[in-house]
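This report refers to the structure that appears directly beneath it.
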Amino acid sequence: MIDVRRLRTELDEVTAALARKGVDPAEVARAADLDARLRELTTRRDEQRARVNALSKEVGAAFRAGDRDRGEALKRESRAAGGQEAALAREADAVAAELRDLLLVLPNTPSPDAPDGAGAEGNVVVRTEGFDPAAYGEHQRVPHWEIGEQLGILDLERAVKISGSMFVMFRGLGATLNRALCQLALDRNADAFEEIRPPTLVTSDTLTATGQLPKFADEAYHVERDDLWAIPTAEVPLTSLARDEILDEADLPVRLMAYTPCYRREAGAAGRDTRGLLRSHEFDKVEILAYCTPRQGEEVHRELVERAVGTIDVLGLAWRLVDICAGDLGQSHHRQFDVEVYAPGCDQWLEVSSVSWFTDYQARRANIRYRPAGGGGTELVHTLNGSALAVPRVWAALVETHRQPDGSIALPEPLHPYLRGATAIPAP
RNA sequence: GGAGGGAUGGCCGAGCGGACGAUGGCGGGGGUCUUGAAAACCUCUGAGGCGCAAGCCUCCGUGGGUUCGAAUCCCACUCCCUCCGCCA
């Protein structure tokens, strides 16, 4: 959620900032109006409560003094005040609920540094490494689903038999490669990030804290009988790890990472990217995440980007960094860089990581605060996260990029420690 | 799944209808003493909302209820602990 106080002190700025994300100014005005009404009602309700409290004390005093008549008279007066208080409270609660519902769907304000733009076409490629379209040979222009079938390392047909369309299955060295990629990503970040193995089924509260609920309920798998949700990313449990807690500034930034499966219904994506591994309901991912102070936010964001890109780079893949424009930013996002990797076989740039800075938007929902070192009141942390490595798309780009003229796959050296001695996937 | 016991501030723990936002201890800040430190002593120390301020209000697991008044009584739920059962 954005800070309601900003609707009072800088309404015009917030309205203009949200307009860059395509938010109707009327919605922002409605929120500001509800907030004003709520404060007025709350003040009046509190005045009645103060009266009830004061009268109740007098009731007690009167009875202790043995003055029954005065006690009874005060009781009647207090009961009447209580009735008024209850009516005002009901009104205030209704307004508060309306305001909360609106704030839950109102997005975070974009960073002034994020480029202008209404949608994906406004995104700006800020860096490209290792990409030379002329340098790819014919043997690299084979899509990974064909390679996977030839080498017996991908079995999409049986995945469909087991679980339905858009589920995938790796076999043999393909499965080993999947796991090796995760382990590489974990090991490369273990210098600074604590490894977590969180639960992957979470409560509605947890899914609300990061912004998936209430707006994006259709995107997540819901286990109705137990009212639990399958996580779409480890960001969800890792952010809620510190929910309702107060951290010490000295401990910030807190850096966490987790390998988990991720589950996505892809409700709006039927028919898009249906071939191969480009989009699936379940995939493995290593996520890196940080809580920090507002001052540290920008620097930590840079660090996460460098780490995400570094792992792709040592795998010998071509990649580029995309600065996401205001209109294409997610609901909770203040600034976001996407890492895209080039897959020569399907001739596409594939998004393999979104490295995002949420400022205090998620922290306010999740109530994650810290005690400033210099004393004073508690403050909300900033949260940031990104994929250190999302397996299927990297797997696809890797298999296509490192395919040899004989049809075998040369496995990049940094993965060797995790492949039980294999250095290549042999040609059939 | 069954039977009991619990949930109070950063932590531990008292309170069980009115003067309780809550005794006490630990931890933390400041001070006295000391060459310095320790010890001792003094003092301060929960979170949030509204307000220029004085101040007022909310919060004792969550949600309802009883009452003039609820941390305290009643109901429901959630979570934790112990024992039994089941089980990887």
Side-chain angles (χ1 to χ4, degrees), chain A residues 1-9 11 31-103 197-209 213 223-229 237 240-252 254 291 360 363-381:
Chain A
M1 287 181 281
I2 62 167
D3 187 351
V4 265
R5 280 170 296 200
R6 292 177 66 195
L7 298 176
R8 319 209 268 252
T9 57
L11 180 60
D33 185 55
L34 285 167
D35 173 56
R37 274 172 59 204
L38 178 60
R39 274 185 298 155
E40 198 226 312
L41 284 166
T42 305
T43 304
R44 286 170 54 201
R45 184 204 60 196
D46 285 354
E47 283 165 8
Q48 283 305 313
R49 273 194 190 159
R51 265 191 78 204
V52 172
N53 288 344
L55 285 165
S56 293
K57 278 198 178 126
E58 286 187 54
V59 172
F63 280 113
R64 249 174 283 120
D67 191 345
R68 293 194 65 83
D69 291 348
R70 187 172 138 72
E72 290 300 333
L74 285 165
K75 260 196 196 186
R76 279 193 296 278
E77 206 182 328
S78 178
R79 209 188 330 247
Q84 288 178 49
E85 187 270 340
L88 285 165
R90 267 193 301 277
E91 223 180 313
D93 287 350
V95 173
E98 199 178 341
L99 176 60
R100 192 194 56 235
D101 289 349
L102 181 54
L103 287 176
R197 184 25 267 234
T200 55
L201 292 178
V202 302
T203 62
S204 297
D205 283 347
T206 298
L207 210 59
T208 303
L213 289 180
V223 184
E224 291 191 12
R225 183 182 170 125
D226 298 291
D227 195 19
L228 289 169
W229 303 78
S240 275
L241 190 133
R243 198 170 75 218
D244 296 320
E245 295 192 17
I246 301 173
L247 311 171
D248 283 325
E249 179 170 359
D251 295 332
L252 300 176
V254 169
Y291 312 123
D360 60 9
R364 185 168 291 103
R365 286 173 169 244
N367 192 28
I368 306 171
R369 294 167 293 168
Y370 72 97
R371 260 178 237 293
T378 54
E379 314 245 4
L380 293 163
V381 300

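Naming: A, B, ... by sequence-line order, numbering from 1 per chain.
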Fill in the blank from the handout: In Watson-Crick or G-U wobble terms, with both distances under 3.5 Å, the base opposite B:A40 is B:U32

Handout entry: Euclidean distance, atom CZ of residue A:Arg64 to atom P of B:A19 [Å, nearest integer]
Key = 8 Å

Exercise for the section: Please state the C1' separation for the pair B:C79 and B:A40 - nearest whole angstrom. Expected result: 43 Å

Practice task
Output yes when at least one side-chain N/O atom of A:Arg49 is less than 4.0 Å from OP1 or OP2 of B:G69, else no.
Solution key: no

Handout entry: Separation between the P atoms of B:G61 and B:U8, rounded to whole Å
Key = 7 Å

Exercise for the section: Output the single nucleotide from B:C57, B:G18, B:G48 whose closest atom is nearest the side chain of A:Ser56. Expected result: B:G18

Exercise for the section: Let me know the distance between CG of A:Asp248 and P of B:U45, rounded to the nearest Å. Expected result: 20 Å

Exercise for the section: For A:Arg44 and B:C56, give me the distance from atom CZ to atom P, rounded to whole Å. Expected result: 21 Å

Problem - Rounded distance in Å between the P positions of B:C83 and B:C75 - result: 28 Å

Handout entry: Distance in angstrom units between A:Lys57 NZ and B:C68 P, rounded
Key = 18 Å

Practice task
Compare the minimum distances between each of B:C57, B:G48, B:C68 and the side chain of A:Asp46, then state the nucleotide with the smallest one.
Solution key: B:C57

Fill in the blank from the handout: Heavy-atom nearest nucleotide on RNA chain B taken for A:Ala50 and for A:Ser78; more 5' hit belongs to A:Ala50

Fill in the blank from the handout: Pairing partner of B:U78, by Watson-Crick or G-U wobble and under 3.5 Å for both distances, is B:A7

Problem - C1'-based separation of B:A7 from B:G13 [nearest Å] - result: 13 Å

Exercise for the section: Verify the contact: side-chain N or O of A:Asn53 to OP1 or OP2 of B:G69, cut-off strictly under 4.0 Å; return yes or no. Expected result: no

